[in-house]
Structure formats: C-alpha cells, structure tokens
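Side-chain atoms are counted along with the backbone in the values below, which use heavy atoms only and exclude waters and symmetry mates. Predicted model, so just to flag it, every value in this text is computed and none were measured.
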Amino acid sequence: MRVAVVHDYFTQHGGAEKVAEELYSFLPDPDLFATLALPAYMPPRLQGVNVQTSWMQKLPRIRDYYRLYFFLYPFAVGSLDLSAYDLIVSSSSGYAKGVRASANAIHVCYCHTPMRWAWNYQQYANRESFGLGQRAILPLFVRGLQHWDAAASRQPDHFVANSKSVAERIRWTYQRTAEVIHPPVETERFHLSNAPHDDYYLVLSRLVSYKRIDIAVQACRQRGKRLLVIGEGPDRQSLEAMAGDTIKFLGRASDAKVEYHAARCRALLFPGEEDFGMAPVEVAAAGRPTIAFRAGGALETIVEGRTGVFFDQQTPESLGDAIERFERLPWSSTELRKHSRTFSAAVFRDRFRAFLNRVGARLDSAPSDHGLDTVARWRAS
C-alpha cells in the first residue's frame with residue numbers, strides 16, 4: 001500500500017507543521033508532498049526528508065514572497081501527482097485537501113481550520129495594514145478562493161478536525177462532518193520545576209495579528225506585570241513599540257529555553273481565538289496554568305479553576321482582571337501535568353490509527369523503513 005502525506009506548505013514553525021511531522025513519523029513509509037518547503041522551516045524530524053514540491057518551489061524570491069503568491073496555491077496543489085497512492089492524508093488549513101486522488105484511494109484530511117483568510121476575510125483584513133489598492137483588489141481574489149475551497153472540500157473522503165470548534169466550522173462551511181482528534185503535543189519535552197515559579201507571565205506564539213498578542217502586552221503594561229514574549233513574526237516591531245519596561249521580547253528561542261521558561265512562569269497568557277492551540281497544553285505539561293480568552297480550542301484544553309482561567313472580552317482590561325483573579329487561586333502542578341498527558345502524541349497516534357481502521361484500512365504491527373518511529377503496515381480492507 002502506497003501512502004502519501006500532503007501538507008499545505010512548510011513556511012513557518014507552528015502547530016500544523018508539528019501535525020504533519022507526526023503523521024509522517026507514524027504512518028508506514030509515506031512519501032511527503034507540499035506546494036513548497038523552505039529548508040529553514042522544516043520540523044526537526046523532517047530535516048533531510050525528501051519533500052516532493054510543486055513548481056512554486058522555483059518561483060523568484062519565494063522565501064520572501066510566499067504570502068503574496070497566495071492565489072497560485074490552488075494551481076500548485078492541482079499539479080501534484082498522487083494518482084499512484086492508496087492512502088492520502090492531507091494536513092490542511094488551506095490547500096492540501098484539494099489534491100486529486102485516484103478513484104480507489106482513501107483520502108483523509110486532517111483539517112486545522114477551513115481557510116481562514118477566505119471565509120473570515122473581513123475580520124482578517126481589519127487587523128492587517130493593507131493599502132487602498134490591496135483592499136480594492138483582494139476581495140476579488142478572496143471570492144475566487146471561496147469557490148475553489150468549497151469545491152476542494154469535496155475531494156477528501158473523510159475529515160478529521162483538531163477541535164470541536166473546527167468540526168463545527170467544517171460543518172457550517174463545507175457541509176461535511178468531521179471526527180475530532182486533538183493534535184499531538186510533545187508533552188514529554190516538558191518537566192516540572194523543583195524551584196518556585198518566577199514572577200513573570202509568558203507568551204509563546206508567532207507574532208501575527210490574529211494571535212492578539214497586543215492584548216497581553218497592553219494588559220501587562222497597564223498592570224505593571226512582567227511579561228516574556230517568545231516568538232517571531234511581522235507584528236514584533238509594533239508590539240515592542242507599545243510595550244513598557246516590564247515586557248521583554250526574546251524572539252525565536254531554542255526548545256531548551258522554551259521548556260525552562262514554561263516551567264518557571266506564573267502562567268501562560270493566551271489572548272487569541274485558536275483553532276486548537278498547543279501552547280496551553282505544553283505549559284500544563286511543565287506544571288503551569290493558562291489565562292485564556294474563552295473561545296475556540298482553549299475550551300477543550302483548559303479546565304477552568306484547575307488548569308487555568310478564562311476572560312470573556314478581547315480587551316486588556318478583561319485580561320487584566322483575569323490576571324488579578326488568577327493570582328488569588330491555588331494551582332497543582334501535578335494535576336496540570338496529568339491533564340496534559342491526555343493530549344500526548346501517543347494518544348493522537350492511537351486515535352488516528354483507530355479512525356483509519358474504521359474508514360477502510362487495516363493495521364498490522366511492523367517496523368517502518370524510514371526510521372522515524374515504530375509504525376504500522378497498512379493494507380486495504
């Protein structure tokens with residue numbers, strides 16, 4: 001049985017890339033596809049793996065302009081040849097679900113979200129600094145993307161969603177049902193600290209507008225709270241401009257530094273609405289709670305009063321009030337760590353294997369040749 005894993009693109013470090021990495025690691029001898037793959041952004045276990053990319057890989061200055069080429073991705077996905085594969089697993093928040101499979105193949109799409117910039121364009125555009133020309137022409141492209149995305153949603157035989165909120169979005173946007181399987185979180189990376197927590201809050205995030213890191217920065221500035229921000233992105237300069245003396249930006253950090261700060265912070269601040277959001281689970285694995293906006297995947301990863309607290313408006317004042325409320329509550333590091341393990345990579349693998357068995361593939365124990373993990377050998381049922 002020939003297996004393909006197809007990811008939208010490897011152009012950033014994020015949760016979707018970790019899912020693609022895990023799928024490739026435990027599926028049996030898969031080939032890996034993407035519209036494009038920038039070597040600097042390949043996940044650790046995919047370094048050196050042969051990624052079969054589209055013609056977009058050769059476009060001029062693709063590293064700098066991959067976002068501006070967004071209207072080409074549907075054509076790039078259509079150019080990928082997967083006709084020889086029996087099982088296709090696409091990892092998609094945009095385009096990969098649109099690959100064409102042979103009539104006898106099984107195509108399972110692990111959907112991180114329906115295409116955000118197509119279906120929530122106005123909300124997205126309101127937080128971006130588009131010029132007048134861009135605001136005039138982009139809606140035309142967006143309408144085209146909506147038509148393409150609706151048609152592409154009919155390509156997979158089955159959808160898997162990373163959270164209940166995404167499953168509902170899939171139902172509303174595509175009129176498709178989706179199994180919910182939470183993404184794999186590397187909980188074993190993190191450890192409890194023997195030392196008391198330090199007196200700072202933490203942000204672990206790409207610095208892009210929809211993450212709403214501005215709320216965390218303003219709340220901590222207003223309340224005089226220490227905040228460490230780990231992550232890079234186009235919003236860094238504007239966020240630094242609004243930050244006060246108690247806020248530090250550490251940029252992209254090594255795994256060791258992330259683990260160190262996760263175990264010693266007072267809490268993670270999680271002000272955006274995420275489709276799932278791995279950071280609260282990672283910090284819980286280090287024994288620390290999260291203060292999160294009450295929406296999206298956080299409703300499935302955080303137990304109020306036990307692993308974190310919520311705030312209800314995306315404003316600095318609402319987050320600031322939640323911080324003050326949080327500081328009056330006790331927290332159990334062991335309970336937080338126990339909770340995190342329900343989102344581990346092992347749980348993800350077990351659930352994904354069981355789902356694939358149900359939809360037409362059978363699983364026999366056997367080692368993999370690609371050496372990333374002990375995996376299964378598949379055959380058509």
Task: Phe10: ring-ring contact (aromatic ring centres under 6.0 Å, His included) partners, not counting sequence neighbours - done: His7
- [ ] Would you check, one step at a time, whether the test side chain to side chain contact (heavy atoms under 4.5 Å, CB included) holds for Phe33 with Ile88?
- [x] CA-CA 10 Å; Phe33 291 81; Ile88 297 166; over 6 Å; no
- [ ] With sequence neighbours left out, write down each residue that passes ring-ring contact (aromatic ring centres under 6.0 Å, His included) with Phe71, or none if nothing qualifies.
- [x] Phe141
Task: Residues, nucleotides or ligands: over 12 heavy atoms within 6.0 Å of Glu324 CD - done: yes
Open item on the list: Closer than 4.0 angstrom, basic N to acidic O: yes or no for Arg212 and Glu273?
Closed with: no
Task: Minimum side-chain heavy-atom gap Leu228-Val203 below 4.5 Å - done: no
Open item on the list: Regarding Glu327 and Arg223, does a basic nitrogen lie under 4.0 Å from an acidic carboxylate oxygen?
Closed with: no
Open item on the list: Please check this pair: side chain of Ser153 against backbone of Ala150, looking for a donor-acceptor N/O pair closer than 3.5 Å.
Closed with: yes
- [ ] Quick one: list whatever passes side chain to side chain donor-acceptor pair (under 3.5 Å) with Glu304, sequence neighbours left out.
- [x] Arg294
Task: Donor + acceptor pair across side chains of Tyr73, Asp8 (<3.5 Å) - done: no
Open item on the list: Are more than 12 heavy atoms, taken from residues, nucleotides or ligands other than Arg226, located less than 6.0 Å from that residue's CZ atom?
Closed with: yes
TODO: Measure from NZ or CZ of Arg2 to the centre of the six-membered ring of Tyr85, then state whether that distance is under 6.0 Å and the direction lies within 45° of the axis.
DONE: yes
- [ ] Examine distances only and state if a side-chain atom of Trp172 and a backbone atom of Ile170 form a donor-acceptor pair shorter than 3.5 Å.
- [x] no
Open item on the list: Are more than 12 heavy atoms, taken from residues, nucleotides or ligands other than Arg206, located less than 6.0 Å from that residue's CZ atom?
Closed with: yes
Open item on the list: Strictly below 4.0 Å, N to O, side chains only: are Arg236 and Glu240 in salt-bridge contact?
Closed with: yes
Open item on the list: Once salt bridge (Lys or Arg N to Asp or Glu O under 4.0 Å) is applied, do any residues pair with Arg264, and if so which ones, sequence neighbours excluded?
Closed with: none
Task: Check: Pro114 main-chain N/O paired with Tyr174 side-chain donor or acceptor under 3.5 Å - done: no
Task: Check: Met242 main-chain N/O paired with Arg221 side-chain donor or acceptor under 3.5 Å - done: yes
Task: Under 3.5 Å side-chain donor-acceptor pair for His112 and Ser92 - done: no
Task: Salt bridge present between Glu232 and Arg252 (N-O < 4.0 angstrom) - done: no
Task: Glu335 side chain to Ser332 backbone, donor-acceptor under 3.5 Å - done: no
Task: Non-neighbouring partners of Tyr200 that pass ring-ring contact (aromatic ring centres under 6.0 Å, His included), sequence neighbours left out - done: His261
Open item on the list: Within the 3.5 Å criterion, strictly below it, is a donor on Ser165 or Ser163 matched to an acceptor on the partner's side chain?
Closed with: yes
Open item on the list: Keeping Ser344 on the side-chain end and Thr187 on the backbone end, is there a donor-acceptor pair under 3.5 Å?
Closed with: no
- [ ] For Ser193 and Ala195, indicate whether the former's side chain and the latter's backbone hold a donor-acceptor pair under 3.5 Å.
- [x] yes
- [ ] Using the test ring-ring contact (aromatic ring centres under 6.0 Å, His included), find all partners of His339 that sit at least two apart in sequence or belong to another chain.
- [x] Phe343
Task: Residues which pass side-chain contact (heavy atoms from CB on, under 4.5 Å) with Arg341, listed by chain and number, not counting sequence neighbours - done: Arg337
- [ ] Name all residues meeting the salt bridge (Lys or Arg N to Asp or Glu O under 4.0 Å) criterion together with Glu300; count only those two or more places apart in sequence or in a different chain, and write none if there are none.
- [x] none
Task: Mutual orientation of the aromatic rings belonging to Trp148 and Tyr95 [parallel < 30°, tilted 30-60°, perpendicular > 60°] - done: tilted
Open item on the list: Do Leu27 and Val5 make a side-chain contact, defined as non-hydrogen atoms from C-beta onward lying under 4.5 Å apart?
Closed with: yes
Task: Residues which pass side chain to side chain donor-acceptor pair (under 3.5 Å) with Asp64, listed by chain and number, not counting sequence neighbours - done: Arg61
- [ ] May I have all residue pairs that pass ring pair (Phe, Tyr, Trp, His ring centres under 6.0 Å) and include part of residues 278-306, sequence neighbours excluded?
- [x] Phe293-Phe311
- [ ] For Gln57 and Ala37, indicate whether the former's side chain and the latter's backbone hold a donor-acceptor pair under 3.5 Å.
- [x] yes
Open item on the list: Between Tyr69 and Ile62, is the side chain to side chain contact (heavy atoms under 4.5 Å, CB included) condition met? List the steps.
Closed with: CA-CA 8 Å; Tyr69 288 130; Ile62 188 64; 3.5 Å; yes
Open item on the list: Quick check against the 3.5 Å criterion: does Glu21 have a side-chain atom that pairs as donor or acceptor with the backbone of Arg45?
Closed with: yes
TODO: Among residues two or more places apart or on two chains, list those pairs meeting ring pair (Phe, Tyr, Trp, His ring centres under 6.0 Å) that have a residue in residues 37-56.
DONE: His13-Tyr41
Open item on the list: With a 3.5 Å distance limit and no angle check, can you tell me whether Thr113 reaches the backbone of Arg116 through a side-chain donor-acceptor pair?
Closed with: no
Open item on the list: Under a 4.0 Å threshold between the charged nitrogen and the carboxylate oxygen, would Asp255 count as salt-bridged to Lys257?
Closed with: no
TODO: Scan side-chain atoms only and decide if Ser83 and Asp81 contain a donor-acceptor pair under the 3.5 Å cut-off.
DONE: yes
TODO: Scan residues 155-173 for pairs that pass salt bridge (charged side-chain N to carboxylate O under 4.0 Å, His left out), counting only residues two or more places apart or in two chains.
DONE: Glu168-Arg171, Arg169-Asp275
Open item on the list: With heavy-atom distances below 4.5 Å as the criterion, would you say the side chains of His158 and Glu179 are in contact?
Closed with: no
TODO: Indicate, with yes or no, if the rings of His182 and Phe348 have centres closer together than 6.0 Å.
DONE: no
